[in-house]
Amino acid sequence: SELQWIRVNDTEFGIWQNYAKERFNMDLSEDWKQKYEAEKIKAVRELPGIRELLKEIQNEGYTLEMLSNFEEWMEPFLDQFGYRDQSLFSHLYLSYKTKKEKPSTDAYQYVLTDLQLHGNETIFIDDQLKNIVAARKLGIDAIHFTSIELLRKDLVAKVP
């Protein structure tokens with residue numbers, strides 16, 4: 001199964017509150033939601049070796065764009081990993097801002113249109129196979145990410 005983020009909104013908070021009461025006979029504190037979101041942010045780390053690989057790709061003359069199913073609560077990651085300063089990614093296409101999520105073809109088409117590119121002028125990398133399949137339907141060359149080592153080999157194989 002795929003890793004999915006738990007989206008905690010007021011309705012879900014109510015569900016967790018009921019669960020805590022029924023299962024453990026306790027009430028969640030008023031600041032539980034904020035503490036939970038802070039813990040999620042602390043738990044996320046950049047994949048070891050990915051920054052170095054992305055810099056290598058840039059040094060070969062390629063530009064990097066980020067297309068992410070991104071939620072507003074995740075904004076601190078952009079600063080934590082230095083993605084907002086445009087030294088790594090030229091553009092950040094974040095779903096909560098564009099209102100388009102992968103694997104919807106609208107998400108990919110939005111990026112292609114904005115960058116004035118055709119699918120065959122790009123390489124899309126993602127760890128979700130469903131996103132790879134959707135990108136390929138638009139003629140986008142796509143690599144299913146499973147490890148840094150395999151990604152490096154796949155990229156080298158694509159370079160003319």
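Rounded to the nearest 0.5 Å, atoms CG (Leu92) and NZ (Lys97) are 8.0 Å apart. Note that CD of Glu22 and CG of Asn25 are 10.5 Å apart. Values are rounded to the nearest 0.5 Å. Rounded to the nearest 0.5 Å, atoms CZ (Phe89) and CZ (Arg84) are 13.5 Å apart. Atom CG of Asp127 is separated from atom NE2 of His144 by 6.5 Å, given to the nearest 0.5 angstrom. Taken to the nearest 0.5 Å, the CD1 atom of Ile143 stands 5.0 Å off from the CD1 atom of Ile125.
Taking the centre of each ring, Tyr108 and Phe124 come in below the 6.0 Å mark.
In this structure a side-chain-to-backbone donor-acceptor pair under 3.5 Å is present from Thr122 to Gly119. Side-chain N or O atoms of Ser95 include one that pairs as donor or acceptor with a backbone N or O of Phe70 at under 3.5 Å. Panel note: side chain Lys33, backbone Glu30; no donor-acceptor pair is recorded below 3.5 Å. Of the possible polar contacts, one joining the Gln58 side chain to the Ser87 backbone as a donor-acceptor pair under 3.5 Å is found.
When Asp154, Leu47, Asp126, Leu150 are each tested for a side-chain contact (heavy atoms from CB on, under 4.5 Å) with Phe145, only one passes: Leu47.
Residue Lys21 qualifies as enclosed at atom NZ: its count of foreign heavy atoms under 6.0 Å is above 12. Within a 6.0 Å sphere centred on CD of Glu52, heavy atoms belonging to other residues, nucleotides or ligands number more than 12.
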List the steps and the verdict of side-chain contact (heavy atoms from CB on, under 4.5 Å) for Glu75 and Leu94.
CA-CA 10 Å; Glu75 276 283 332; Leu94 311 175; 4.1 Å; yes

Between Gln80 and Arg45, is a side-chain contact (heavy atoms from CB on, under 4.5 Å) present by the stated rule, with each step listed?
CA-CA 9 Å; Gln80 180 179 332; Arg45 300 285 180 260; 4.1 Å; yes

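The closest side-chain donor-acceptor pair between Tyr83 and Glu46 falls under 3.5 angstrom. Looking only at atom types and distance, the side chain of Tyr93 has a donor-acceptor partner in the side chain of Asp114 under 3.5 Å away.
Aromatic ring orientation, Trp16 versus Tyr19: perpendicular (interplanar angle above 60°, classes split at 30° and 60°).
Classification of Asp106 and Lys100 as a salt-bridged pair fails, no side-chain N sitting under 4.0 Å from a carboxylate O.
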